[in-house]
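Notes follow the structure.
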Amino acid sequence: MLSLRRLETKFIKGIGPTRAELLEKELGIRSAWDLLHHFPTSYVDRSRFYTIRDISATGGEMPHLQLRGRFVSFNVLGEGAKMRLVGLFSDGTATMDVVWFKSIRTIRNMYGPGRDYVLFGKPSSFNGRLQMTHPEVELPEKAEAASPMRGVYPLTERLRKRNIDSRFFHNVIDGLLRATTRRLVDPLPRSIVESQQLMPLDDAIRQLHSPTGASELQRARFRMKFEELFYIQTDMVARTRRRKGLAAGYAMPRVGHWFNTFYKECLPFELTGAQKRVIKEIRADIAGGRQMNRLVQGDVGSGKTLVALMSMLLAIDNGYQTCLMAPTEILATQHYHTIRELAAKIGLNVKLLTGSTRAGERAVIHEQLLDGSLHLLVGTHAVIEDTVEFRNLGFAVIDEQHRFGVAQRARLWKKSTIPPHVLVMTATPIPRTLAMTVYGDLDVSVIDELPPGRKPVETLLRYEKQRLKVYQGVYSQLRQGHQIYIVYPLIEENEKLALKSLEEGYENIRETFREYEVAFVHGRQKAAEKDYQMQRFVSGEAQILVATTVIEVGVNVPNATTMIIENAERFGLSQLHQLRGRVGRGADKSYCILMSKYEIAGETRKRLEIMTSSTDGFVIAEADMQMRGPGDIEGTMQSGMPFDLHIANLATDGQIIAAARRAAETLLDSDPSLSHPDNVLLAKTIREIASRSMDWSRIS
Ligand code: ADP
Ligand code: MG
């Protein structure tokens, strides 16, 4: 096995130095081992042949498929770079063009007319003609002898241009596997392979490249997914246990003046049961002298800010400084005001540091951070700049972690010789299995209860033709003294156009609601302008806020009872849920109107109907992930993802993640250091993977 890892691709039969370089550049494939782990993403059933007539009927846009027929004639067309060989191919139902841009002479001599061939490729249409470029061509006998499923390998445009196609991978890998007479050594311990009834590595790899049947292929995929997830989980569980066992943290056993006085005199309401429980979990965590790394998940409006503040008060009671970081200036500012207001009575020294903090104020902050008189610093990324030095940072809160990377978390740790306790708060509900992977090294607390008296937001799907009615509803809310959000999507590919439609929308609203003040916020504004506009709405001076998704997280205006979301079909469900969380924060009944220009149907409609039928963020996140795949969720978290996945899928492989987690825990229970001879290879493999991802997280 080790030799395969060390065998460079350029020495593999059929590759050579030029292609080796290309493989590394395009796909990161360096060794024979990497190559064996480059799996097809789909398979074509080799017993099935399509007809050209069938393909014509679909307009030609079809995935990879097989055809059987004969070449009627060959023609060389064009000149120079445009020169190409066009073969007219007939299967008796119709004809299509088969086009080659490379190796024209060889191909022309290779495939004689009058013989049957099997073509394998992706059809397309060009100038109204059906065609297939650079297909794989085989004699029928040979095609029949091969595995019943043919892998379609992931490729890049550059590889395709250089004639590196699925067949290339198939042949090279097949050759490699034939030459590898000894079975591939399985890095997974025997105990795991047996208890999970996994297909051994060697069989799984062979099956993935040349499946002998659908059920074998499925077992092979399961095995490789399990392996990939098992490494991650073992690494995370081991790290968490090491941290808990060893990593020194500040001991904060005291509950003192700040916490108690706040609790007695400032708390404007009873804590919810969930808030109490989470504060207790945090208290227990930081009392013992080990570093806390905890994620608090709580739906929008569940009262995370208060939990954060009370946890920070505990740290301050023990003589430490604290900080709270938010992803945007607006949010940081809002947290700052909330905390100042809540803690006004007890005289806590709280300051705000963002990109726009003036030099004078900045100097005061730096001084108070160093002399220890500043208790709590609220801010944006500005807080982790190198110039910001604390006297004794003991507790850090990160709001909306997915916008901060692992790298930033690491940077925060450097602010103090002993790493501070870290509390990450997120309102993006993440399905449990995903959290287990993305935040696998964090302990998780869940605030699963909303403050009492909240009425669920009534969510309605409405179309353009009903707009007047919708506006009547808005009027009625305005007359009762309530405020309104109107949200437009931000289309990133065409920001100018989006801005235009946003501005038009704004003008329209001003026209329609002439008696009312309208504030206007979008991403292109300068921070000061944005803050000014936002403030007009927060203070109640403006009754309507027209905005893009910049208001997505955190903004808190309890008097706002209605949100209209324009072009709602363009938003992801989790995003809609976040947005909707801006209303329903006060005692009054609230509404969220999802506007769509056209009557929508199918998937889109189903998606929006989840919004109208549920207000539970976890239900919505789960549904979102099932429907869209994990891509978008991963996207929003990319900065928080310490690894890449090759075969496992976070959205659909939840059960495998959970099984891998349990298996990792069991294994580490019996062999905490993975030093038993059966587990040594596993330990080594994990170290290699971890060292690759660690480099990544240290970029900061
Ligand atoms: P989020 O979890 O979305 O960050 P916030 O911390 O902004 O939620 O809290 C949402 C609103 O709920 C705030 O107005 C806050 O003052 C209020 N709140 C928090 N905890 C409670 C509670 N226990 N009882 C009543 N209201 C609460
Ligand atoms: Mg919040």
Side-chain angles (χ1 to χ4, degrees), residues 262-264 266-280 282 294-313 324-345 376 378-380 397-404 423-430 444-457 482-483 485 534 537-540 549-561 563 574-588 590 592 615-618 620-621:
F262 179 83
Y263 194 84
K264 278 193 218 109
C266 305
L267 207 55
F269 29 62
E270 231 345 70
L271 292 174
T272 64
Q275 284 172 320
K276 281 187 195 158
R277 192 189 66 238
V278 172
I279 292 172
K280 259 191 208 140
I282 293 167
R294 186 169 283 278
L295 172 73
V296 172
Q297 272 199 76
D299 212 338
V300 272
S302 61
K304 292 183 292 294
T305 316
L306 200 58
V307 169
L309 174 61
M310 294 185 68
S311 314
M312 288 189 283
L313 290 177
L324 188 161
M325 291 200 298
T328 65
E329 183 143 354
I330 290 180
L331 273 181
T333 310
Q334 188 178 295
H335 274 312
Y336 171 69
H337 289 303
T338 310
I339 288 175
R340 280 256 312 231
E341 208 172 294
L342 279 168
K345 263 197 216 153
L376 199 171
V378 181
T380 52
V397 178
I398 305 177
D399 196 12
E400 293 303 327
Q401 142 92 4
H402 61 274
R403 305 205 188 171
F404 285 102
L423 186 69
V424 173
M425 299 195 293
T426 175
T428 313
I430 315 160
V444 180
S445 291
V446 183
I447 308 184
D448 50 5
E449 183 185 350
L450 293 180
R454 292 273 166 80
K455 301 195 182 84
V457 178
H482 292 309
Q483 288 166 281
Y485 290 104
M534 209 59 224
F537 186 70
V538 172
S539 69
T549 48
V550 290
I551 57 159
E552 190 181 335
V553 271
V555 177
N556 190 23
V557 181
N559 185 42
T561 50
M563 173 174 284
S574 297
Q575 207 180 12
L576 287 173
H577 180 66
Q578 289 292 311
L579 285 167
R580 180 171 61 181
R582 301 306 109 216
V583 291
R585 303 194 139 229
D588 299 288
S590 294
C592 176
T615 52
D616 182 330
F618 285 88
I620 290 167

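Read the numbers this way: they start at 1 and go in the same order the structure lists the ligands and their atoms. What you see below is based on every heavy atom in this structure, not just the backbone, and it leaves out hydrogens, waters and symmetry mates. Here the structure is a predicted model, which is why all the values come from computation and not from measurement.
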Proximal ligand 1 atoms for [X], defined as those under 4.0 Å from one of its heavy atoms:
X: Glu270; answer: 22 (C), 23 (N), 24 (N)
X: Thr272; answer: 23 (N)
X: Leu271; answer: 23 (N)

Legend entry - Whether Ser302 lies under 4.0 Å from ligand 1, heavy atom: yes
Inset, instruction - Determine whether any heavy atom of Pro558 lies closer than 4.0 Å to an atom of ligand 1. - result: no
Inset, instruction - Would you mind finding which of Arg585, Lys304, Arg582, Gln334 brings a heavy atom closest to atom 7 (O) of ligand 1? - result: Arg585
Legend entry - Heavy-atom nearest option to atom 5 (P) of ligand 1, drawn from Asp299, Leu342, Thr305: Thr305
Inset, instruction - Test side-chain contact (heavy atoms from CB on, under 4.5 Å) on Leu271 and Met310 and set out the steps. - result: CA-CA 11 Å; Leu271 292 174; Met310 294 185 68; 4.1 Å; yes
Inset, instruction - Could you list the residues that satisfy side chain to side chain contact (heavy atoms under 4.5 Å, CB included) with Arg277, not counting sequence neighbours? - result: Ala274, Glu281, Asp448
Legend entry - Minimum side-chain heavy-atom gap Thr615-Asp299 below 4.5 Å: no
Legend entry - Residues which pass salt bridge (Lys or Arg N to Asp or Glu O under 4.0 Å) with Lys276, listed by chain and number, not counting sequence neighbours: Glu270
Legend entry - Polar atom proximity, Gly301 to ligand 1 (N or O, under 3.5 Å): yes
Legend entry - Any N/O pair Gly303/ligand 1 closer than 3.5 Å: yes
Inset, instruction - Let me know which of Asp399, Val397, Leu309 forms a side chain to side chain contact (heavy atoms under 4.5 Å, CB included) with His335. - result: Asp399
Inset, instruction - With rounding to the nearest 0.5 Å, note down the distance linking NE2 in His577 to CD1 in Ile620. - result: 5.0 Å
Legend entry - Euclidean distance, Thr380 OG1 relative to Glu329 CD, rounded to 0.5 Å: 6.0 Å
